Amino acid sequence: MEIPDSIIDYYLNPGDFYFGGPNIRIRTLLGSCVSIILWNPEAKLGGMCHYILPLQNGNFRDSTLNGKYGEDAISLFLKEIKTKRLDPKSFKARIFGGSNMFLTHEKELLDDKLAGQIGSRNSDFAINELKKLGIKILSKDIGGIQSRKIYFSVWDGEVWVEKK
């Protein structure tokens, strides 16, 4: 598809979410966090989230949707999709991130054993939730110990990944 005349760039920080139309490019930088990209090829609509943890802590739950958490990011996607009167199954997904950034170069965990599992927990959450919703996962680039820069152009659904 042809590149739009006027492109609006959005940068997502951890906890951010964006969903929009065909003249949008979204980018982010990931470590153990995960980005889910959803794209509808017919409507030329799509979005990206950048969540830090899969779930909120039950003891301190916030009733407002917070993009820091995978469960809320999924809800934000579904809210936007519903607003556009589209079927979630008409979207295609890609998943990125979930690196084990809290591992040493020798791949040994630091003091907090759960810290080494954050990336894997984030990735597993995304895969499981998208499968539950019947959204096809086109690709995933998850795990490892490197960071990733992600670029997503909504007009054509293209995604570029730079690993460091």
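All residue numbers refer to positions in the sequence shown, counting from 1. No hydrogens, no waters, no symmetry mates; every other heavy atom, side chains included, goes into these values. Since this is a predicted model, take the numbers as computed values, not measurements.
Scanning for side chain to side chain contact (heavy atoms under 4.5 Å, CB included) contacts around S35 gives T28, L30, M48, H50, with sequence neighbours left out. Every residue two or more places apart in sequence or in another chain was checked for a salt bridge (charged side-chain N to carboxylate O under 4.0 Å, His left out) with D16, and none qualifies. With sequence neighbours excluded, the residues satisfying ring-ring contact (aromatic ring centres under 6.0 Å, His included) with F77 are F17. The side chain to side chain contact (heavy atoms under 4.5 Å, CB included) search around I24 returns I8, Y10, Y18, I26, V154, not counting sequence neighbours. Remark: Y11 engages no residue in a side-chain hydrogen bond (donor to acceptor under 3.5 Å, both in side chains) (not counting sequence neighbours). For the salt bridge (charged side-chain N to carboxylate O under 4.0 Å, His left out) test, no residue two or more places apart in sequence or in another chain qualifies with R27. Take I135 and apply the side chain to side chain contact (heavy atoms under 4.5 Å, CB included) test, not counting sequence neighbours, and it matches L38, P88, A93, L130, L133. The salt bridge (charged side-chain N to carboxylate O under 4.0 Å, His left out) check on K164 picks up nothing, with sequence neighbours excluded. For E158, there are no side-chain hydrogen bond (donor to acceptor under 3.5 Å, both in side chains) partners two or more places apart in sequence or in a different chain. Residues passing the salt bridge (charged side-chain N to carboxylate O under 4.0 Å, His left out) test with D5, sequence neighbours excluded: none.
No continuous path of hydrophobic side-chain contacts links L138 to I74 [ILVMFWY only; heavy atoms under 4.5 Å]. Transitive grouping of hydrophobic side chains (ILVMFWY, heavy atoms separated by less than 4.5 Å) brings V161 and W39 into a common cluster. Taking hydrophobic clusters as Ile, Leu, Val, Met, Phe, Trp and Tyr residues chained together by side-chain heavy-atom distances below 4.5 Å, I118 shares a cluster with Y69. By the rule that hydrophobic residues join a cluster once side-chain heavy atoms approach within less than 4.5 Å of another member, I137 and F152 end up as members of separate clusters. I145 and I150 sit in two unconnected hydrophobic clusters of ILVMFWY residues. Membership requires side-chain heavy atoms under 4.5 Å apart, directly or through other members.
Among residue pairs with one or both ends in residues 137-148, those qualifying as side chain to side chain donor-acceptor pair (under 3.5 Å) are R94-S139, S99-R148, D141-R148, D141-K163; sequence neighbours excluded. Screening residues 122-138 for salt bridge (charged side-chain N to carboxylate O under 4.0 Å, His left out) gives E129-K132 as the qualifying pairs, with residues at least two apart or on separate chains.
When every heavy atom of C33 is checked against every heavy atom of I52, the shortest pair comes out as SG-CA, 3.7 Å. V34 and G97 make their closest contact through CG2-C, 4.2 Å (heavy atoms, listed as atom of the first residue, atom of the second, distance). Among all heavy-atom pairs drawn from F91 and L45, the shortest one is CE2-O, 3.8 Å. The nearest pair of heavy atoms linking P54 to N122 is CD-OD1, 2.9 Å. Minimum interatomic distance between G134 and K89 (heavy atoms only, all atoms of both residues): O-CG, 3.5 Å. Considering all non-hydrogen atoms of both residues, I36 and Y51 come closest at CD1-CE2, 4.0 Å.
With hydrogens and angles ignored, the 3.5 Å screen pairs no side-chain donor or acceptor of N23 with any backbone N or O of W155. D72 contributes a side-chain N or O that, together with a main-chain N or O of N66, makes up a donor-acceptor pair within less than 3.5 Å.
In this structure, C49 SG and I37 CD1 are separated by 9.0 Å, a value rounded to the nearest 0.5 Å. Atom-to-atom distance recorded for N40:CG and K92:NZ is 8.0 Å, nearest 0.5 angstrom. Residue L29 holds its CG atom at 7.0 Å from NZ of K149, rounded to the nearest 0.5 Å.
Side-chain contact of S90 with D87: a donor-acceptor pair under 3.5 Å is absent, judged by distance alone.
Taking 4.5 Å as the limit, every side-chain heavy atom of N100 sits out of range of all side-chain heavy atoms of S32.
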### Query
Yes or no on side chain to side chain contact (heavy atoms under 4.5 Å, CB included) for F19 and I81, after CA distance, side-chain angles and deciding distance?
CA-CA 9 Å; F19 189 92; I81 291 169; 4.2 Å; yes
